[in-house]
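First the proteins, then the strands, lettered A, B, ... as listed; each starts at 1.
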Amino acid sequence: MAKALPKKANFSEWYSEILSMAGIVDVRYPIKGLCVWHPFGLVLKNKVYLILRSLLDVDHQEALFPLLIPETEFMKEAEHIKGFEEEVYWVTKGGTTHLDVPLALRPTSETAIYPMFKLWIRSHADLPLKMYQIVNTFRYETKHTRPLIRVREITSFKEAHTAHATWEAAEKQVYEAVRIYSKFYDRLAIPHIITKRPNWDKFPGADYSIAVDTLMPDGKTLQIGTIHHLGSNFAKTFDITYEDVNGEQQYVHQTCYGISERCIAAVIAIHGDDKGLVFPPEVAPIQVVVIPIPFGEGKDVLEASKRVHKMLSDAGFRVALDDSDERPGAKFYKWEMKGVPLRIEVGPRDLKSNSVTLVRRDTSEKTSIPVPDLVPAINQKLKDIHANLCVRAKKSFDERVVECATLSEVKTAVKKGIAKVNWCGDEQCGIKMEEGTGADVLGELAQTKKGKCPVCGKKTDTVVLMARTY
RNA sequence: GGGGUUGUAGGGUAGUCUGGUCCAUCCUAUAGCGUUCGGGACGCUGUGACCUGAGUUCAAAUCUCAGCAACCCCA
């Protein structure tokens, strides 16, 4: 028997094994925190980012800014530098020549983009300006790195940057970004929760930050998106102004919001099971695999399999025919591990009745489908699979979100998931809550509920989420 | 941030304590051939490794130091 995948209950081990066994990434690249996307993993990534692009392309323009940022620009925004200074890679030499101005490898691109915004924005007619780019960014992570989750090169950072005439218009964009991200994760069947990060945890240089978190199988939360209201902080630093209708110069108000390949980690971690990957059909690199079950010479079966393959391919499905000479059982295991949503078995029994056997990855349900009905049947099954993944993931998520009134309740809840607890809003209390439970305050929920702060006992309506985080 | 452990074929390991027996063991992978094939087949014949550098020594996978990398624990 081939090497077995560890059970998903041992999540850490399962996660790193499946990445390598299924061919998502290879972590053996000889620099800490960097890894290589395998072709199969890259197709997955591209399918996922296609969704993200389609949601943004409605009213954002895609651009591409350079990787290097001169120290002189990077150092302009004081809070921003402080937030990143320990994590920046610096280029200090060109060949053998020492550079007078060191160049930063972007840890994020505000300081690359905003000097250009200054040149581009002249009048209120130029606003709002909404741009995004999908690029690699570098952060010298000192904590333990983990593929797709905590890396030193983020290979696929989608960062959007917008500029608006007023603070209120920028805030409206924040809500719009929340809506876009929420829709994105719905398409991936990833349950998620939106909070406003506490002040001590906001993006360096922002007025406030909103975060999208999901819950991993081991009970830790994963931040899978952030949205920042930058106010006019960067506008003042980079002198980004526009002429308003009265002919006066005003600072712009900005937002930025980002999603990284952590979204891929979430898809893998949340939908996968003991047999391997499970993909929502929309992003599955292969949606249907056709497996011939030969007998004797096996020519008839193979011919029939080829016809099925062509029919599905012509119908627009991403379909593979596995006519290698492994045994059928070995093929079943292999394609299940790779997360293919539907398997079609074509064998002598099927041939006799001009039908095929259709097997779902998520439920293992088997059905016999007459060949003429195959295309509509597959369309329906793929829809059913997506719906089932949504329901299944949501259930597992909801079961692990627990309302708590005391710190000891929080401490118990965060062993398995997320604790909901009241908070008076005082930073000192927030820090005590973190210290007392070993968990982090994710942020405030928009919904309120009457209660008391578990530290000072003050009455409050504010509810925060707490969890152990990645 | 602090502490610890480890590095041997594509992956997992034995050998390291006590230097020579080791052109290195086993499982897996992989190539060829044959028998197989409705849930991880089997036989035969092959392929393939001691992290990098320096040191100690007649002799280093084995001992020492440094680097790089991986993992674990604590804050």
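Comparing the C1' positions of B:U13 and B:U52 gives an interatomic distance of 23 Å, to the nearest angstrom. The gap from the C1' atom of B:C27 to that of B:G40 amounts to 15 Å, rounded to the nearest Å. Atom name P, nucleotides B:G12 and B:A29: the rounded distance is 15 Å, in whole Å. Across B:C51 and B:G46, the matching C1' atoms stand 28 Å from one another, rounded to whole Å. B:G55 sits 16 Å from B:A61 when the P atoms are compared, rounded to a whole Å. Across the C1' atoms, B:G39 and B:G43 are found 23 Å apart, a figure rounded to whole Å. The same atom, C1', is picked in B:G11 and in B:U30; the two are 12 Å apart, to the nearest Å. As rounded to the nearest Å, B:C50 and B:G10 have P atoms that lie 9 Å from one another.
For A:E326 and B:U35, the CD to C1' distance is 17 Å, given to the nearest whole Å. In this structure, the CZ atom of A:R327 is 13 Å from the P atom of B:G43, given to the nearest Å. Remark: P of B:A29 and CE of A:M21 are 11 Å apart, rounded to the nearest angstrom. One interatomic measurement links the two molecules: CZ of A:R150 to P of B:C71, which rounds to 13 Å at whole-angstrom precision. In this entry the distance linking CD of A:E13 with P of B:C72 reads 10 Å, nearest Å. Regarding A:L34, its CG atom lies at a distance of 13 Å from the C1' atom of B:A69, rounded to whole Å. B:C42 atom P lies 16 Å from atom CG of A:D325, rounded to whole Å. Computed from coordinates, the A:I291 CD1 to B:G39 P distance equals 12 Å when rounded to whole Å.
In this structure, the separation between CG on A:D213 and CG on A:L442 is 5.0 Å, given to the nearest 0.5 Å. Rounded to the nearest 0.5 angstrom, A:T437 OG1 and A:R468 CZ are separated by 11.0 Å. Note that CZ of A:F138 is 5.5 Å distant from CG of A:L105, once rounded to the nearest 0.5 Å. Atom NZ of A:K310 and atom OG of A:S305 lie 15.5 Å apart (nearest 0.5 Å). Of the inter-residue distances, the one linking A:L445 atom CG with A:T195 atom OG1 reads 7.0 Å to the nearest 0.5 angstrom.
Ion pairing between a basic and an acidic side chain is recognised when a charged N comes within 4.0 Å of a carboxylate O; A:K45 and A:E261 show no such pairing.
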Filtered N/O pairs between nucleotides 66-68 of chain B and protein, under 3.5 Å:
none

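Side-chain rings of A:H161 and A:Y114 approach one another, their centers coming within less than 6.0 Å.
Panel note: side chain A:S209, backbone A:F203; a donor-acceptor pair is recorded below 3.5 Å. When atom types are taken as modelled, the side chain of A:R360 and the backbone of A:E365 share no donor-acceptor pair closer than 3.5 angstrom.
Donor-acceptor pairing under 3.5 Å is lacking for the side chains of A:R392 and A:S396. Side-chain N/O atoms of A:E153 and A:N136 include a donor and acceptor closer than 3.5 Å.
Partner of A:T357 under the side-chain contact (heavy atoms from CB on, under 4.5 Å) criterion, out of A:I293, A:D350, A:I344, A:I291: A:D350 alone. When each of A:L215, A:I149, A:T469 is checked for a side-chain contact (heavy atoms from CB on, under 4.5 Å) with A:L222, only A:I149 meets the rule.
The residue among A:G329 and A:K143 whose nearest nucleotide of RNA chain B lies closer to the 5′ end is A:G329. Between A:E86 and A:K334, the residue whose closest nucleotide on RNA chain B is further toward the 5' end is A:E86.
The base of B:G38 is paired with the side chain of A:T357 by a donor and an acceptor separated by under 3.5 Å.
When distances run from any side-chain atom of A:H144 to the nucleotides B:G38, B:G40, B:C71, the shortest one goes to B:C71. With B:C72, B:G10, B:G39 as the candidates, the nucleotide lying closest to the side chain of A:R28 is B:G10.
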Which string of ( ) [ ] | and . matches RNA chain B, if you list each base 5' to 3' and count Watson-Crick or G-U pairs only when both distances are under 3.5 Å?
(((((((..(((.......[.....)))(((((((.....)))))))...(((((..]....)))))))))))).
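The aromatic ring of A:Y333 stacks onto the base of B:G40, its centre lying under 5.5 Å from the centre of the six-membered base ring with the two planes under 30° apart.
RNA chain B is contacted by A:R343, A:E345, A:G347, A:P348, A:R349, A:D350 of residues 341-352 of chain A, taking any non-hydrogen atom closer than 4.0 Å.
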